[in-house]
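Encoded as structure tokens, the structure appears first; notes follow it.
Residue numbering restarts at 1 for every chain, and letters A, B, ... go by the order of the sequence lines.
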Amino acid sequence: MPELPEVEVVRRGLASHLPGRRVDEAAVLHPRTARRQPGGAQQFADLLRGRTLTSTGRRGKFLWVATDDPEVVLLAHLGMSGQFRVDDPAAELQVPHRHARALLRVDGRPVWFLDQRTFGWLAAVPMASDPRGIAVPRLVEAIAPDPTEAGFDARAVARALRSHRVEVKRLLLDQSKVSGIGNIYADEALWRAGVHPGRRADRLDVATLVRVLDAAAAVMAAALAEGGTSFDSLYVNVNGESGYFSRGLAVYGRAGQPCPRCAAPIVRQSFMNRSSHLCPRCQRPPRAPH
DNA sequence: CAGGTCCCCTGCTGGC
DNA sequence: TGCCAGCAGGGGACCT
């Protein structure tokens, strides 16, 4: 998916179109899209119909739109390919996009949820709170704070990461430890901090882990300022426009190209059924791999 | 419990 | 031109 910056771009788009408006209708068009709704697609539609949308929120890669009923929050995860499109009120409802998975009508405006790969989902859930007492929707309770949240404590997170005998990149991708970071920004953060993704977290010191977390926050902030990262039409804002941060990436997708810092060729390695991109000179591997 | 693997989907690309 | 393997920014289920 879209990682934190791309999700934040979408949240801002929804925030500019939806609050104060009423849900006339909500319909799920693909069964997988409602798979996390306890009562299924019909319950999703029933709960949202007639609700007035209020404020938007986000934690990590989860975003939501609250309503006038605290028991009903529209929660969304974009998965790998989810998008929202807010159309003009006059737009044609009868010709759905090929990947249309849900449709809301909000004060006459069609709001589409498009999702080619159907890893994304929508749910109407009650507001709840996380272990710290911060208000988040149900299904987000176990998601850790993300680096952009007020009160995010990099040192505390770093200390927590150190208790795991696992490669540091695996932890960066674990949304219950720190949220919002995906494969792109994990690689970028590790490169900025000069840490090899295969280094075990319990063998890094707190200061190093803080550097990694700070780098993640910085690279995601830079990406957000450019409207997010996109390589193709899958990653767009609610108006269908793409961001430009792909040109700001130092290692991701740049295998064989020179490291911006030392000019050594970037390498791509397989990791966790995904790929890791790194500079073999700036990011030294652990002495005893594993 | 913690760590690690597999799998869910669609579509595109590159090699044969 | 066709076919197939591999790959893609997600995470949840299930195994040991």
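- Listed by chain and residue number, Arg11(A), Thr56(A) satisfy the side-chain contact (heavy atoms from CB on, under 4.5 Å) test with Ala15(A) (two or more places apart in sequence, or in another chain).
- Residue contacts for Thr229(A): at a heavy-atom cut-off of 4.0 Å it reaches a base atom on one of the strands shown.
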Notebook entry, point to check: Under the side-chain hydrogen bond (donor to acceptor under 3.5 Å, both in side chains) criterion, do His277(A) and Asp187(A) qualify, and how do the steps go?
Noted result: CA-CA 6 Å; His277(A) 307 76; Asp187(A) 282 0; 3.0 Å; yes

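- Under the ring pair (Phe, Tyr, Trp, His ring centres under 6.0 Å) criterion, Phe84(A) pairs with Phe113(A), not counting sequence neighbours.
- Using a 4.0 Å heavy-atom cutoff across all strands shown, Asp115(A) reaches no nucleic acid atom at all.
- Put simply, the side chain of Leu278(A) reaches to within 4.5 Å of the side chain of Val267(A), judged on heavy atoms.
- Panel note: side chain Glu226(A), backbone Ala223(A); no donor-acceptor pair is recorded below 3.5 Å.
- Of the residues in residues 171-179 of chain A, those lying under 4.0 Å from DNA chain C by heavy-atom distance are Gln175(A).
- Listed by first and then second residue, the side-chain hydrogen bond (donor to acceptor under 3.5 Å, both in side chains) pairs involving residues 62-74 of chain A are Arg51(A)-Asp68(A) (not counting sequence neighbours).
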Every protein N/O lying under 3.5 Å from an N/O of nucleotides 8-10 of chain B:
from	atom 1	to	atom 2	distance (Å)
dC9(B)	O2	Arg117(A)	NE	3.1

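- Atom CE in Met80(A) sits roughly 15 Å away from atom P in dC12(B) (whole-Å rounding).
- Think of Phe271(A) as one node in a network of Ile, Leu, Val, Met, Phe, Trp and Tyr side chains linked at under 4.5 Å; its network also takes in Leu173(A), Met272(A).
- Candidate nucleotides dG4(B), dA8(C), dG11(C) were compared by shortest atom distance to the side chain of Glu167(A), and dG4(B) ranks first.
- Per the geometry, CZ belonging to Arg254(A) stands 17 Å off P belonging to dA8(C), to the nearest Å.
- Counting to the nearest Å, the P atom of dG11(C) and the CG atom of Leu63(A) are 13 Å from each other.
- The nearest whole Å value for the distance from the CG atom in Asn273(A) to the P atom in dC7(B) is 10 Å.
- Remark: Ser275(A) is in phosphate contact with dA8(C), judged by side-chain N or O atoms under 4.0 Å from OP1 or OP2.
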Hey, what are the protein-to-nucleotides 12-16 of chain C N/O distances that come in under 3.5 Å?
from	atom 1	to	atom 2	distance (Å)
dG12(C)	OP1	Arg36(A)	NH1	3.0

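- Where pairing requires Watson-Crick or G-U contacts shorter than 3.5 Å, the helical stems of DNA chain C with at least three consecutive pairs are B:2-8 with C:10-16, B:10-16 with C:2-8.
- One interatomic measurement links the two molecules: CG of Leu139(A) to P of dG11(C), which rounds to 14 Å at whole-angstrom precision.
- What separates CD of Glu3(A) from P of dA8(C) is a distance of 13 Å, to the nearest Å.
- The side-chain contact (heavy atoms from CB on, under 4.5 Å) test applied to Ala156(A) returns Asp153(A), Arg159(A), not counting sequence neighbours.
- Applying the side-chain hydrogen bond (donor to acceptor under 3.5 Å, both in side chains) test between Arg59(A) and each of Asp130(A), Asp146(A), Thr148(A) identifies Asp130(A) as the sole match.
- Contacts of Arg170(A) with the nucleic acid, taken as non-hydrogen atoms under 4.0 Å apart, include base atoms.
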Next item on the list: Please assess Lys169(A) against Ser276(A) for the test side-chain hydrogen bond (donor to acceptor under 3.5 Å, both in side chains), listing each intermediate value before the final yes or no.
Entry: CA-CA 9 Å; Lys169(A) 182 172 174 184; Ser276(A) 286; 2.8 Å; yes

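- Taking atom NZ of residue Lys169(A) and atom C1' of nucleotide dG3(B), one finds them 17 Å apart after rounding to whole Å.
- A salt bridge is absent between Asp87(A) and Arg85(A); no separation between the charged side-chain nitrogens and carboxylate oxygens falls under 4.0 Å.
- One interatomic measurement links the two molecules: CG of Asp187(A) to P of dG10(C), which rounds to 10 Å at whole-angstrom precision.
- Arg12(A) pairs by the side-chain contact (heavy atoms from CB on, under 4.5 Å) definition with Glu8(A), Leu224(A), not counting sequence neighbours.
- Applying the side-chain contact (heavy atoms from CB on, under 4.5 Å) criterion to Gln37(A), with sequence neighbours excluded, gives Ala34(A), Gln43(A), Phe44(A), Leu47(A), Ala123(A), Ala124(A).
- Every pair tested for side-chain hydrogen bond (donor to acceptor under 3.5 Å, both in side chains) that includes a residue from residues 260-272 of chain A fails, sequence neighbours excluded, so the list is empty.
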